[in-house]
Structures are given as structure tokens and as C-alpha cells.
Amino acid sequence: MRIVTIIGARPQFIKSSVVSFELRKAGIDELVIHTGQHYDKSMSAIFFSQLGLPQPAYNLEVGSGSHAVQTSKMLVGIEEVLLKEKPDLVLIYGDTNSTLAGALAASKIHIPVAHVEAGLRSHNMRMPEEINRLVADRLSSMLFTPTFIGKKNLLLEGFVKEKIFLTGDVMYDAAIHFSKSIHPDDLSIDPNILNNPFVLATIHRAENTDNPENLKGIIKALKKISEQIRVILPLHPRTKRALQELDLNSSLSPSITVLEPLSYFDMIYLESRAQVIVTDSGGVQKEAYFFRKPCITVRTETEWQELIDTKWNSLVNPADSDGIIDAFNKIMTPVDWPQLYGSGDASKKIVLSIDTYLRK
């Protein structure tokens, strides 16, 4: 049995690491295609070494570009590999252009597709990720959904229940596994920045970085929050460019510690020690919950509705700096922490289902 795993962005490296480990244990041959969607070393190569991922058999090195340019390059490269390797299954993750290209390339040449993190919906068709999710789910033979809401979404959209597997969240598996093995000496961040309470902020989505009003609103709010508590802000390359283009670096106060992009280990170490997390990232919203940290999401919608329902997360319009500050001032840590994302064995359930499917 041979499968091809298609990944290309930081969250996918994390998700696939725990599944790849279980695939090896099950004796399933896995070839990894790295599309090169994230090509910066700090955003890519370091994750393979830290997470113990098998080195990619193929790196398409597509780099940056418009959605059409990026996806078309991926389609050509992925199809060539699939025609050569003839896998029994293609495994895709999440909602990126790599996810979309993998689903399209495999389904066009009649190779079954399994989608990890299926069924998530923001119901915002202006988000490229929403389009990618919808298409990837429709083309997949196996839909691994992390939550009850994800399963409900798929059933409402007419998917047959036999295709749907409620597994829990592989990112929860990863957070549990890797947080146990982190030692402060292994981190690249200055330990002195952790001596006092801090808020961790991450901003990277195009709807924020490419929208001046949104980005200005977020930075203005972080500056105000930093008057009460230090803010640590790791900068995604896209965010760094946007700050420079809008001349917003001067708006950052001395109480905002700006960092280069962080490794996964650095990131979850900071998340586990932050007082509050401010983000526009889907993955960081969940990681905040894994570590029982209240979260403010600077977006108008989220694919993780259960976090809103349980009061661990709040949505604020990113352009509304006063709203962000108000949400921060009112934030409280909920008492209840329901087990929303499974028991930490999602990757085992996924691999068992794949093994059963391939044997049939």
C-alpha cells in the first residue's frame, strides 16, 4: 500500500507529522510532496527537522504568486508525480492552495483522496480558504472531520455518512505530543522575554495584511494593549512587508516585542505561557484552547464555532481597534473546558480508517 501526502504550509507540516508517524507504525508506504508554498527556511525546512517528518520525496518549489499562478504550478507538478508513482491514495490537509491542487490533480486521474480537517466552514465565500475547503471535500473519498460541527456541516451538504469519519483533531495530538518534549534550552527565543506576563499576537491572513484599515486597526489595538502588558508579535513575512509598505513600524511601541517567524516548538511554548492570545489564525485559535488560554480572533467569522460557543474565543472586526481593546479588557478565562477536539488519538483513527479502506 502506498499513499502520497501533499503538504506545503506550516500548519500542514504540523498536522502531517503525527499522521506520518502512525503511517510508519502501520507499515504503510508514504511519499511526501512538498509544494513549496512556504519556502522560507524558518517557515518550512526547520519544521521537517523538528517534527521528525520524512523528508519530501519531491519538492515542487512553487514559491509565492497569485492564487492562479500558485495553484496551476502545483497542479502540473503534482500530476507528474502521481502519474509516475501511481499511489493508492492521496492524503491532503486543511484549506490551502496545496490542498486544492492535490484534490484536483488526484481526482482528475481517478486516485482516491482523503481530506484531513474536512467539514470546516466559515461561510465566507470571500475567503480563498473557504473555496479550497468546499472543493477539496467534494472531491474526496474519505472525509476526516475534527469536530461534531464539521460532521454536521458535511451531512447538511449531502455527503453520505459512510464517507465521514469523526476523528478529533490531529493538531491536538501534536500539541500534546510535542509540548511534553520541549526544553527551554532548545528554543531560539530569548528566555528573558518570558520573565513577565505577556500577550501573544499573530497576524498573517491576507484579508488583514492586504487591507490597510484592518491592519491599522489591529496595530493600533496592540499598541494600546501593550500599555497594560507586554505584547509579543512574531511577524509572518507577509505581515512584515505590509507594515513596511504602510509605514506602520513606527506605530509599534517599545512594549511590543517583534520576533522573526517562529518554529513550532517556539510557538507552542509561547502559547502555553501567554496570558491571552490575539490572532487571525485558525490553527492558533485551537492551540490557544489546547493550552487553556482565552483568545481574541481579529476576524468577522471563524471555522471553529465551538470555541465561540464555549466562550474561549471572541470574534472582533479587525478594523475596530476600540472593539479589540474592549474585548481584551473584558476577557475572562472560562471555568469549563469541554473536550472539543477528541482524546489526542485522531491520527491513530485516521490511519486505521485508511488501512481498512485500502485493504478493501
*Crowding at NZ, Lys151 (>12 non-hydrogen neighbours, <6.0 Å)*: no
*What distance separates Thr297 OG1 from Arg205 CZ, expressed to the nearest 0.5 Å?*
9.5 Å
*Quick one: do Leu166 and Ile354 end up in the same hydrophobic cluster if we chain Ile, Leu, Val, Met, Phe, Trp and Tyr together by side-chain heavy atoms under 4.5 Å apart?*
no
_Quiz question: by atom type and distance under 3.5 Å, do the side chains of Asn313 and Glu306 form a donor-acceptor pair?_
no
*Can you tell me how far the CZ atom of Arg121 sits from the CD atom of Glu129, to the nearest 0.5 Å?*
13.0 Å
_Pair Tyr58, His34 - check side chain to side chain contact (heavy atoms under 4.5 Å, CB included), show working._
CA-CA 6 Å; Tyr58 299 90; His34 181 0; over 6 Å; no
*Out of curiosity, does Leu262 fall in the hydrophobic cluster containing Ile193 (side-chain heavy atoms, cut-off under 4.5 Å, transitive links)?*
yes
*Please report the shortest heavy-atom distance between Phe144 and Ala114, naming the atom on each side.*
CE1-CB, 3.8 Å
*Within 45 degrees of the axis of the six-membered ring of Tyr269 and under 6.0 Å from its centre: does Arg273 put its NZ or CZ there?*
yes
*Of the options Leu100, Val90, Leu104, which is the one that meets Leu139 in a side chain to side chain contact (heavy atoms under 4.5 Å, CB included)?*
Leu104
*Is the shortest heavy-atom distance from the side chain of Ile92 to the side chain of Gln12 under 4.5 Å?*
no
*Output yes when a side-chain donor or acceptor of Thr145 lies under 3.5 Å from a complementary backbone atom of Ala118, and no otherwise.*
yes
*What are the two closest non-hydrogen atoms of Gly282 and Trp304, and how far apart are they?*
O-NE1, 3.3 Å
*Count the heavy atoms of every other residue, nucleotide or ligand shown that sit under 6.0 Å from CZ of Phe21, and state whether that count exceeds 12.*
no
_Contact check, side chains of Leu259 and Leu235, non-hydrogen atoms, under 4.5 Å_ = no
*Between Arg24 and Glu22, is there a salt bridge with N-O shorter than 4.0 Å?*
no
*Do side-chain atoms of Asn317 reach the backbone of Thr300 as a donor and acceptor pair under 3.5 angstrom?*
no
*Should Ile14 and Met267 be regarded as members of a common hydrophobic cluster, given that ILVMFWY residues are connected when their side-chain heavy atoms come within less than 4.5 Å of each other, either directly or indirectly?*
yes
_I'd like to check Leu134 versus Met125 (side-chain heavy atoms, cut-off strictly below 4.5 Å). Are they in contact?_
yes
*Verdict with reasoning, Thr209 to Thr239, per side-chain hydrogen bond (donor to acceptor under 3.5 Å, both in side chains)*: CA-CA 6 Å; Thr209 61; Thr239 314; 5.6 Å; no
*Any side-chain donor-acceptor pair under 3.5 Å between Ser263 and Asp266?*
yes
*Does some side-chain heavy atom of Ile111 sit less than 4.5 Å from a side-chain heavy atom of Leu82?*
yes
*Pick from Arg299, His204, Gln285: which one makes a side-chain hydrogen bond (donor to acceptor under 3.5 Å, both in side chains) with Asp280?*
His204
*Asp88 (side chain) donor-acceptor with Ile3 (main chain) under 3.5 angstrom*: no
*Is there a path of hydrophobic side-chain contacts, each under 4.5 Å between heavy atoms of I, L, V, M, F, W or Y residues, that connects Val278 with Trp312?*
no
*Step by step, would you call Asp309 with Gln305 a side-chain hydrogen bond (donor to acceptor under 3.5 Å, both in side chains)?*
CA-CA 6 Å; Asp309 297 340; Gln305 181 60 41; 2.9 Å; yes
*Looking only at atom types and distance, does a side-chain atom of Asp169 sit under 3.5 Å from a main-chain N or O of Met171, one as donor and one as acceptor?*
yes
*Let me see the working for Phe265 and Ser179 under side chain to side chain contact (heavy atoms under 4.5 Å, CB included), right down to the final yes or no.*
CA-CA 8 Å; Phe265 283 8; Ser179 62; over 6 Å; no
*Using modelled atom types only, decide if a donor and an acceptor are shared between the side chain of Thr99 and the backbone of Tyr93 within a distance under 3.5 Å.*
yes
_Flag for Asn208-Asn214: side-chain donor and acceptor within less than 3.5 Å_ = yes
_Nearest heavy atoms of Lys293 and Ile277, plus distance in Å_ = CB-CD1, 4.2 Å
*asked:* Given 3.5 Å as the limit, does a donor-acceptor pair link the side chain of Asp95 with the main chain of Asn132, or not?
replied: no
*Could you state whether Leu91 and Leu143 fall into the same hydrophobic cluster, counting links through intermediate Ile, Leu, Val, Met, Phe, Trp or Tyr residues with side-chain heavy atoms under 4.5 angstrom apart?*
no
*Compare all side-chain heavy atoms of Pro294 with those of Thr333 and state whether any distance is below 4.5 angstrom.*
yes
*Which value, rounded to the nearest 0.5 Å, describes the distance between Leu222 atom CG and Leu252 atom CG?*
8.5 Å
*asked:* Measuring only between side-chain heavy atoms, which start at C-beta, is Leu83 closer than 4.5 Å to Glu79?
replied: yes
*In sequence, state the C-alpha distance, the side-chain angles, and the governing distance for Glu271 and Val284, and then conclude on side chain to side chain contact (heavy atoms under 4.5 Å, CB included).*
CA-CA 8 Å; Glu271 288 168 346; Val284 174; 3.7 Å; yes
_So Phe328 and Lys224, do their side chains get closer than 4.5 Å, heavy atoms only?_
no
_Is it the case that the side chain of Lys348 and the backbone of Asp345 share a donor-acceptor pair, with hydrogens and angles ignored and the cut-off at 3.5 Å?_
no
*Atom pair CG (Asn97) and CG (Leu75), whose distance is rounded to the nearest 0.5 Å*: 10.0 Å
*Ring centres under 6.0 angstrom apart (Tyr289, Trp337)*: yes
_Euclidean distance, Arg138 CZ relative to Arg133 CZ, rounded to 0.5 Å_ = 15.5 Å
*Can we say Lys240 and Glu260 salt-bridge, meaning some charged N sits less than 4.0 Å from an Asp/Glu carboxylate O?*
yes
_Taking Asp355 first and then Arg359, would you say they form a salt bridge - that is, a charged N and a carboxylate O separated by under 4.0 Å?_
yes
*For Val69 and Ser66, what are the C-alpha separation, side-chain angles and deciding distance, and is it a side chain to side chain contact (heavy atoms under 4.5 Å, CB included)?*
CA-CA 5 Å; Val69 168; Ser66 70; 3.3 Å; yes
*Check whether any side-chain heavy atom of Arg2 lies under 4.5 Å from a side-chain heavy atom of Glu85, and answer yes or no.*
yes
*Does the His236 side chain pair with the main chain of Ile203, one donor and one acceptor, at a distance under 3.5 Å?*
no
_Does Ser122 form a side-chain hydrogen bond (donor to acceptor under 3.5 Å, both in side chains) with Glu130? I'd like the steps, not just the answer._
CA-CA 7 Å; Ser122 68; Glu130 186 76 353; 3.1 Å; yes
*Distance in Å, Leu200 CG paired with Leu233 CG, rounded so as to fall on 0.5 Å steps*: 8.5 Å
*Where do Ser255 and Ser226 come nearest, in terms of heavy atoms and distance?*
CB-O, 3.3 Å
_Minimum heavy-atom distance Pro234-Ala201, with the two atoms named_ = CD-O, 3.1 Å
*If every non-hydrogen atom of Ile331 is compared with every non-hydrogen atom of Cys295, which pair is closest and at what distance?*
CD1-N, 4.2 Å
*So which of Tyr341, Phe290, Phe178 actually passes ring-ring contact (aromatic ring centres under 6.0 Å, His included) with Tyr172?*
Phe290
